**Q** 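The structure under discussion is supplied below as structure tokens; questions concerning it will follow.
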Protein chains: 2
Amino acid sequence: MPILERSNPLPLYYQLKEVLKQQIQAGHLAPHMAIPSEPELVAQYHVSRATVRQALTELVHEGLLYRQHGRGTFVCEPRVQQRVASELTSFSEELRRRGLKPGGLLFVSELVRGSQAVREQLRLTDEEQVVRLERLRTANDEPIAYEVNYLPYPRAASVYQRAKEVADGSLYHLMSTEGLAPYMVEHAFRGDSPTSREAELLHLKENECGMRSSCTTFDETGAPIAYTEAYYPSGRFEHRLTLRVTK
Amino acid sequence: MPILERSNPLPLYYQLKEVLKQQIQAGHLAPHMAIPSEPELVAQYHVSRATVRQALTELVHEGLLYRQHGRGTFVCEPRVQQRVASELTSFSEELRRRGLKPGGLLFVSELVRGSQAVREQLRLTDEEQVVRLERLRTANDEPIAYEVNYLPYPRAASVYQRAKEVADGSLYHLMSTEGLAPYMVEHAFRGDSPTSREAELLHLKENECGMRSSCTTFDETGAPIAYTEAYYPSGRFEHRLTLRVTK
DNA sequence: CAGTGGTCTAGACCACTTC
DNA sequence: AAGTGGTCTAGACCACTGG
């Protein structure tokens, strides 16, 4: 049983969370098994019950544990653990998880005024411009999606300068390192036919149909930090999203 | 300033949450405005700081507030509040929000063995059957989606008996009242062409394309409680989902 | 009944922001 | 320096579950 380090700058509840996470991943705490009760954890790790409860409450929110009043605290199924943990993963990570090799081409990275729809979504003032990234995504070197990202300019200046890094990588990850951390996204999906440019880049026949998605990303304060439009031709990629119910 | 009732069976932190929610909705606490500090709330409502923090922490999780260390606690934008609150809404509610009149026809409600895909998703044993509901959804009396729901039978027996109620209503709501509360859903979307039955019911031309979705619903323990397949023809409905980033 | 998680208190010290 | 939220303690009583 590991001991929590009081000299460690990381909070005790956070250290306890990490210990429990590792025990779950290592299989010492199996799905649907009760973990030690709160008083037991208090005794084992020499912390107060409030600290134990803070650790457990956060693990419940992260989908690793569930509680039952009067019975105990239990380990969630791996299926739930993974899905809740992956509520927002990058496209490339998702491809790797499905055993595909992610790749991509960055066609354009430019500063433009943007269409009215884009300006509305990003709530720009009259003077502001947008960073526009145009990407062709590939899986095992086959084109599977055409994607255009828009970011509000003065705020995303540093992302613009590092735009070349996102050709086959994660825009969300780059944004997070530059002070534009996604907090919430709204996705919209609909069946649609491709534009001529999409048909060309994705090697589609005239009437081949697919799916179009729009996605607006917000930071913690509710400010829009990205707007993305993408086209997925039929049969090459399935978009998967995990939601939890807020009661 | 309302006073919390100690004789009320509802917990103090819960009463405080409700008071703050009402003040936000009534506009007494405007977006991006700081709410009273934690010590101020302690004094105003005569509760301990731990109680105040429990109320605030839950409101942060629900997307109504955000905290900034050293600065204060602030009200989220209505846009964020609404979207986070609607992480899983019923189809009919969603239509009403968009100003459309929801409706529907229940074609079939039956007990069947189910395809292998369905049986795998619901993790059925060899003896178990599934409840199958087949629905045509309408908005303003126009068909907009064809949907088939599967529920694991012995568990969903009471839902099966009340199946007629869900023709134009919410299956999730009915399930919740019958001990099958959704905790997590996994949605998958892809562009696709309609089957002949879908084309007929939705009045589609041969090559008209649309979107197909599959959705598996789980309860708190990770047990699958529903599996849904749906087809949305192009141009009639846009599927919107809100996600929050778990860090 | 004993054991579990749910609620609550009255303190304390710290890290961060602002002035 | 003053005020904010972040962490932590050592208790207490309650509601729910199980044998």
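A, B, ... follow the sequence lines: proteins, then strands. Residue 1 opens every chain. What you are looking at is a predicted structure, and each value in this text was computed from that prediction instead of being measured.
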**Q** Among D:dC8, D:dG5, C:dT4, which nucleotide sits nearest the side chain of A:Ser37?
**A** C:dT4

**Q** Can you classify the ring geometry of B:Phe189 versus A:Phe189 as parallel (below 30°), tilted (30 to 60°) or perpendicular (above 60°)?
**A** parallel

**Q** Could you check which of D:dG5, C:dG6, C:dC8 has an atom nearest any side-chain atom of B:Pro39?
**A**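 Out of D:dG5, C:dG6, C:dC8, the nucleotide with an atom closest to B:Pro39's side chain is D:dG5.
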
**Q** Could you tell me how far apart A:Ile35 (CD1) and C:dG5 (P) are, to the nearest whole angstrom?
**A**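 Atom-to-atom, A:Ile35 to C:dG5, this comes out as 7 Å.
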
**Q** OP1 or OP2 of D:dG5 less than 4.0 angstrom from a side-chain nitrogen or oxygen of B:Arg53, does that happen here?
**A**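 Answer no for this pair, as no side-chain N or O of B:Arg53 is under 4.0 Å from OP1 or OP2.
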
**Q** Any chance you could list the contact pattern along nucleotides 9-19 of chain C? Use B for base contacts, S for sugar-phosphate-only contacts and - for none, protein heavy atoms under 4.0 Å, 5' to 3'.
**A** B--B--BBSS-

**Q** Please report the distance, rounded to the nearest Å, between NZ in B:Lys17 and C1' in C:dC8.
**A**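 Rounding to the nearest Å, NZ of B:Lys17 and C1' of C:dC8 are 16 Å apart.
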
**Q** Is any side-chain nitrogen or oxygen of A:Gln54 closer than 4.0 Å to OP1 or OP2 of D:dT7?
**A** yes

**Q** Roughly how many Å is it from CE in A:Met33 to P in C:dT4, rounded to a whole number?
**A** 14 Å

**Q** Provide, to the nearest angstrom, the distance between the CG atom belonging to A:Leu56 and the C1' atom belonging to C:dT4.
**A**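 Whole-Å distance recorded here is 12 Å.
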
**Q** Roughly how far, to the nearest 0.5 Å, is OH of A:Tyr66 from CG of A:Leu56?
**A**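 The distance works out to 14.0 Å.
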
**Q** Expressed in angstrom and rounded to an integer, what is the separation of B:Arg67 atom CZ from D:dG5 atom P?
**A**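 Distance, rounded to whole Å: 8 Å.
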
**Q** Could you tell me the separation between the CG atom of B:Leu241 and the NE2 atom of A:His187, rounded to the nearest 0.5 Å?
**A** 8.5 Å

**Q** Could you name each residue pair satisfying salt bridge (Lys or Arg N to Asp or Glu O under 4.0 Å) that touches residues 48-59 of chain B, not counting sequence neighbours?
**A** B:Lys17-B:Glu58, B:Glu38-B:Arg49, B:Glu38-B:Arg53

**Q** Roughly how many Å is it from OH in A:Tyr66 to P in C:dT4, rounded to a whole number?
**A**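 Computing the A:Tyr66:OH to C:dT4:P distance gives 17 Å.
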
**Q** Do the side chains of A:Arg67 and A:Leu59 get nearer than 4.5 Å, heavy atoms only?
**A**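 No, their side chains stay 4.5 Å or more apart.
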
**Q** What integer distance in Å separates B:Leu4:CG from C:dT7:P?
**A** 15 Å

**Q** Are B:Tyr183 and B:Phe218 near enough that their ring centres are under 6.0 Å apart?
**A** no

**Q** Atom OH of B:Tyr45 and atom P of C:dC8: how far apart are they, to the nearest Å?
**A** 15 Å

**Q** If I take atom OG1 from residue B:Thr57 and atom CD from residue A:Gln54, how far apart are they, to the nearest 0.5 angstrom?
**A** 8.0 Å

